[in-house]
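None of these values were measured; they are calculated from a predicted model. Start at 1 and go down the list; that is how both ligands and their atoms are numbered.
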Amino acid sequence: MNIRICGTGSAIPSKRVTNDDLSKIMDTSDEWISTRTGIRARHLAETETTTSLAVTASQRALENAGVQAEEIDLIIAATATSDYVVPTLSCEVQRELGASHAVAFDLGAACSGFLFALSTAQAYIASGMYKNALVIGAEVLSKLMDWSDRSTCVLFGDGAGAVVVKADENAAFESVQGSDGAKGMVLACKNRPVVNPYHDDQEAYSHLSMDGQEVFRFAVRTVPVAIRQVLDKAGIAEDEVKYFVLHQANLRIIEAVAKRLGVPMEKFPTNMQECGNVSAASVPILLDEINRKGMIQRGDRLVLAGFGAGLTWGAAVLNW
Ligand code: UT7
């Protein structure tokens with residue numbers, strides 16, 4: 001038994017911030033950001049929260065799938081930026097949707113989070129434990145940024161994407177995942193400091209820090225290998241894939257992956273131009289975009305891939 005994606009949804013904040021907008025408040029330029037990353041704008045939360053974005057994306061995915069919230073028996077939310085430490089984002093979404101028959105939990109794998117969550121849903125559904133799952137990637141990364149660090153804050157955006165997946169004996173799904181904790185500190189953000197009556201770390205809240213060039217090298221080296229592995233596992237050649245939907249960290253990374261795979265860039269849809277890097281949300285937001293534009297038909301083969309902090313990476317191949 002495999003999963004089939006039967007509905008997609010997404011939500012991004014209404015506040016659109018262009019590179020020129022940022023260049024008015026920090027020492028940067030549209031030229032620097034767009035030539036190095038492809039990013040031209042990102043959407044940042046004002047009134048929206050990680051929960052509100054995740055709920056809207058999920059409602060749209062349920063509607064797109066023609067599935068009622070009560071039919072969902074599993075909710076997995078991938079996020080590094082939930083509004084609460086507890087309760088989890090997935091439980092917040094469950095309440096707002098009225099998905100009273102679901103078990104709900106969060107999963108943390110940074111920018112690979114959506115891929116890991118999808119593989120987890122596949123494993124549960126293949127085991128027969130659950131039948132209909134809601135898989136979410138949602139982030140408000142702007143709250144982790146050091147807005148005085150131009151080398152990171154210009155790269156990221158806020159938003160959420162969700163898919164409804166169902167057990168389908170005619171569906172095809174294969175995935176590979178990997179982690180390399182030894183290199184974790186190249187992309188890091190510390191949690192709250194320890195403060196109790198016996199110990200006080202006296203630290204301010206931490207912000208996201210990144211060794212961009214290390215992450216770049218890691219992505220370009222690892223993602224093509226993971227994609228080849230998952231295609232081999234499924235017995236599929238690159239030219240049988242309609243689209244490669246990759247984590248939207250940087251256009252140059254995607255171009256390098258396409259080149260290493262020998263696949264034309266037309267098969268790699270992108271939206272970092274408008275959304276920036278939305279971590280766990282970037283793959284499901286892009287998937288929703290291409291679905292709603294009518295770019296994918298039933299039976300089309302798609303490759304999804306994520307990579308990022310941990311370090312972590314994941315790739316999946318599925319039939320639409
Ligand atoms: O989702 C997680 C995955 N994350 C990624 O995939 C990120 C991967 N890495 C990258 O995308 C690139 O490494 C970056 C876009 C982050 C950086 O590009 P780069 O070509 O590696 O630039 P750099 O860090 O080497 O910086 C070059 C110069 C530096 O100035 P000096 O030291 O050469 O004078 C920086 O201070 O660019 C400067 N700089 C900026 N200038 C204008 C750094 N940030 C900015 C900025 N505006 N926003």
N/O donor to acceptor pairs below 3.5 angstrom from side-chain atoms of residues 153-172, sequence neighbours left out:
from	atom 1	to	atom 2	distance (Å)
D158	OD1	L141	N	2.8
D158	OD1	S142	N	2.9
D158	OD1	S142	OG	3.4
D158	OD2	A45	N	2.8
D158	OD2	S142	OG	2.7
D168	OD1	N170	N	2.8
D168	OD2	R4	NE	2.6
D168	OD2	R4	NH2	3.4

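- Without hydrogens or angle criteria, T50 side chain to A138 main chain gives no donor-acceptor distance under 3.5 Å.
- Within 4.0 Å of ligand 1, counting heavy atoms only, the contacting residues are D27, T28, W32, R36, T37, C111, R150, S151, V154, L155, L187, M210, G212, Q213, V215, F216, H247, A249, N250, R252, I253, N277.
- Atom NZ of K183 is surrounded by 12 or fewer heavy atoms from other residues, nucleotides or ligands within 6.0 Å.
- Of the charged side-chain nitrogens involved, none lies within less than 4.0 Å of a carboxylate oxygen, so that E238 and K267 do not count as a salt-bridged pair.
- Here ring pair (Phe, Tyr, Trp, His ring centres under 6.0 Å) pairs that include residues 274-312, with residues two or more places apart or in two chains, are H247-F307.
- Annotation: ring pair (Phe, Tyr, Trp, His ring centres under 6.0 Å) contacts involving residues 3-32, sequence neighbours excluded, are absent.
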